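Before any comments, here is the structure.
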Amino acid sequence: MKSYQVVICDEEVDYSFSLMNYINGEEDYPCLAVAFTDYPALKDYCKQEENKIDLILLGSHIQQEVEEVLGSENEIPIVWLHEKQEVDQGAGVYKYQSAETLLQVILEQVKPKQREEENKGDKKQTFMEVYGIYSPIGRCGKTNLAKALCSYQKGKSLYIGMEEYGDTMDEGGIGQEFLYDIKVHSDNLCTFLSNLLEDQMGMTTIASPKCYLDLRQLTEEDIRWFLEQVRNRNTYQRVVFDIGTGSLFDFTILSLFDRIFIPTLEQEVAKQKQQHFLTFINQSFPSIYYKMRLLSVPNVAYDSLKMEEYVLQLLQGVDNG
């Protein structure tokens, strides 16, 4: 059943209706699209209470006029369609990429609402947020941010080390065992997780395995299976992946995260690496690029007061927009 209504409004008639037909023709996806090329008609459609719109795709040439078109109190999420391939991070998407990729962007926008509605049907189900922390730049506070995200929120958290060489030794081969269970989709995974200890902040830590090359064997399918098992256990409110530059081979794994935080630095060389990385992701995985957020992480310990304040402000900003 088509559960979410997506409105497309662009001055190119063929583009708008071709994208609409593609979305509506994908029976396995929960989105129903309606297309407009006339902005007054879009405005009238949005005002009708019976039209429950979940997302609007708008041509970027009217971006400055959005309040006039939709009203200053518009609460419907908007994705801007840009004609230039180089789109600033978080500003929208390149409109002339494949319809399949655009559909993935749409699904990422309606996914939080879909998960919220699913949880309403099962009051015992706990909402679980999944964060990915990744950066092409070293010494940028990546691990500190990952552990702080686990520590300064209510509920239990699972920190997963996926670095080449983590800051915590893999005592007893816990990280290696964990990696093996995921790779073979082992029935022992739930027992393994149950035996892990948590600290006073409610964080359970799985250190990076001794051999990071094994991490490069993980696929999107493996991580998807793992997250399904964790959600079924209904134990953690959040899972945070601390991912090293050299330990990620399948970049589509990033698509499984609700948020992807990219710590960065202000040095010129760091900025160049950051730009090369973002260009690669935008061109190769635009639906992932849309979920990324660049951060300047304070150079302090993860359990410091300053880091706590930073994380709380960060998450408040994420929730608000």
Side-chain angles (χ1 to χ4, degrees), residues 115 125-135 138 141-153 155-263 288 291 302-303 311:
R115 191 165 51 224
Q125 180 67 38
T126 300
F127 175 78
M128 188 179 80
E129 194 80 18
V130 182
Y131 300 132
I133 318 299
Y134 182 89
S135 180
K142 179 175 62 67
T143 295
N144 273 354
L145 176 63
K147 291 187 175 181
L149 284 168
C150 285
S151 300
Y152 298 120
Q153 299 178 78
K156 297 182 178 182
S157 298
L158 178 62
Y159 167 90
I160 299 176
M162 290 182 62
E163 295 187 288
E164 298 93 327
Y165 305 102
D167 65 342
T168 303
M169 290 293 294
D170 183 20
E171 299 294 344
I174 298 297
Q176 208 69 37
E177 179 182 351
F178 171 71
L179 184 60
Y180 173 81
D181 284 347
I182 293 180
K183 191 58 191 173
V184 302
H185 297 194
S186 173
D187 293 336
N188 295 325
L189 177 66
C190 291
T191 301
F192 169 84
L193 293 174
S194 298
N195 291 333
L196 296 177
L197 300 177
E198 64 182 63
D199 65 15
Q200 60 184 2
M201 305 290 284
M203 176 174 66
T204 299
T205 297
I206 298 178
S208 299
K210 294 179 180 179
C211 182
Y212 79 90
L213 293 176
D214 292 337
L215 288 166
R216 296 175 61 85
Q217 304 300 316
L218 291 176
T219 65
E220 178 189 0
E221 180 183 356
D222 296 330
I223 301 299
R224 186 186 302 277
W225 173 85
F226 163 69
L227 292 174
E228 288 176 357
Q229 308 310 305
V230 176
R231 285 194 174 96
N232 290 338
R233 291 185 74 243
N234 201 26
T235 299
Y236 301 106
Q237 279 66 58
R238 73 205 56 84
V239 177
V240 180
F241 291 80
D242 182 7
I243 307 172
T245 307
S247 59
L248 184 63
F249 179 77
D250 184 357
F251 274 88
T252 60
I253 288 174
L254 298 176
S255 68
L256 302 175
F257 305 148
D258 299 301
R259 300 284 178 178
I260 306 168
F261 294 121
I262 313 293
I288 296 175
K291 300 165 66 175
Y302 84 89
D303 55 355
V311 166

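From a predicted model like this one, the values you see are computed outputs, not experimental measurements. Along the sequence shown, residues are numbered consecutively beginning with 1.
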Return the minimal non-hydrogen interatomic distance between Met128 and Arg231, and the atom names on each side.
CE-CG, 3.3 Å
Test applied, side-chain hydrogen bond (donor to acceptor under 3.5 Å, both in side chains); reference residue, Gln176; option that passes from Asp181, Asp170, Asp214:
Asp214
For Gly175 and Ile206 the tightest heavy-atom approach is CA-CG2, 4.1 Å
In a check of side chain to side chain contact (heavy atoms under 4.5 Å, CB included) between Leu158 and each of Thr235, Thr205, Val240, Val239, which one passes?
Val239
Taking all non-hydrogen atoms of both residues, which atom of Cys150 and which atom of Met203 are closest, and how far apart?
CB-SD, 3.2 Å
Please report, to 0.1 Å, the donor-acceptor pairs under 3.5 Å made by any side chain of residues 188-195, with sequence neighbours excluded.
from, atom 1, to, atom 2, distance (Å)
Ser194, OG, Cys190, O, 2.9
Ser194, OG, Arg233, NH2, 3.0
Asn195, ND2, Thr191, O, 3.2

How far does CD of Gln217 sit from CZ of Phe249, to the nearest 0.5 angstrom?
8.5 Å
Here the pair of heavy atoms bringing Ile243 nearest to Leu254 is CD1-CD2, 4.2 Å
Smallest separation among heavy atoms of Leu218 and Met162, with atom names:
CD1-CE, 4.0 Å
Which residues satisfy the side chain to side chain contact (heavy atoms under 4.5 Å, CB included) test with Thr219, sequence neighbours excluded?
Lys183, Glu221, Asp222, Asp250
Which heavy-atom pair separates Glu220 from Ser255 by the least distance, and what is that distance?
OE2-OG, 3.5 Å
Student check: side-chain heavy atoms of Ile288 and Ile260 closer than 4.5 Å:
yes
Between Tyr134 and Thr245, is a side chain to side chain contact (heavy atoms under 4.5 Å, CB included) present by the stated rule, with each step listed?
CA-CA 7 Å; Tyr134 182 89; Thr245 307; 3.8 Å; yes
Qualifying residue, where the test is side chain to side chain contact (heavy atoms under 4.5 Å, CB included) with Phe241 and the options are Phe257, Tyr159, Tyr131
Phe257
Under the criterion side chain to side chain donor-acceptor pair (under 3.5 Å), I'd like the reasoning laid out for Ser157 against Gln237: C-alpha separation, chi angles, the key distance, then a yes or no.
CA-CA 6 Å; Ser157 298; Gln237 279 66 58; over 6 Å; no
With Glu198, which residues qualify under salt bridge (Lys or Arg N to Asp or Glu O under 4.0 Å), at least two apart?
Lys156
So Thr143 and Ile133, side chain to side chain contact (heavy atoms under 4.5 Å, CB included) or not? Walk me through it.
CA-CA 8 Å; Thr143 295; Ile133 318 299; over 6 Å; no
Hey, is Asp167 close enough to Lys147 for a salt bridge, meaning N to O under 4.0 Å?
yes
Assess whether side chain to side chain contact (heavy atoms under 4.5 Å, CB included) is satisfied between Val130 and Leu256, documenting all intermediate values.
CA-CA 8 Å; Val130 182; Leu256 302 175; over 6 Å; no
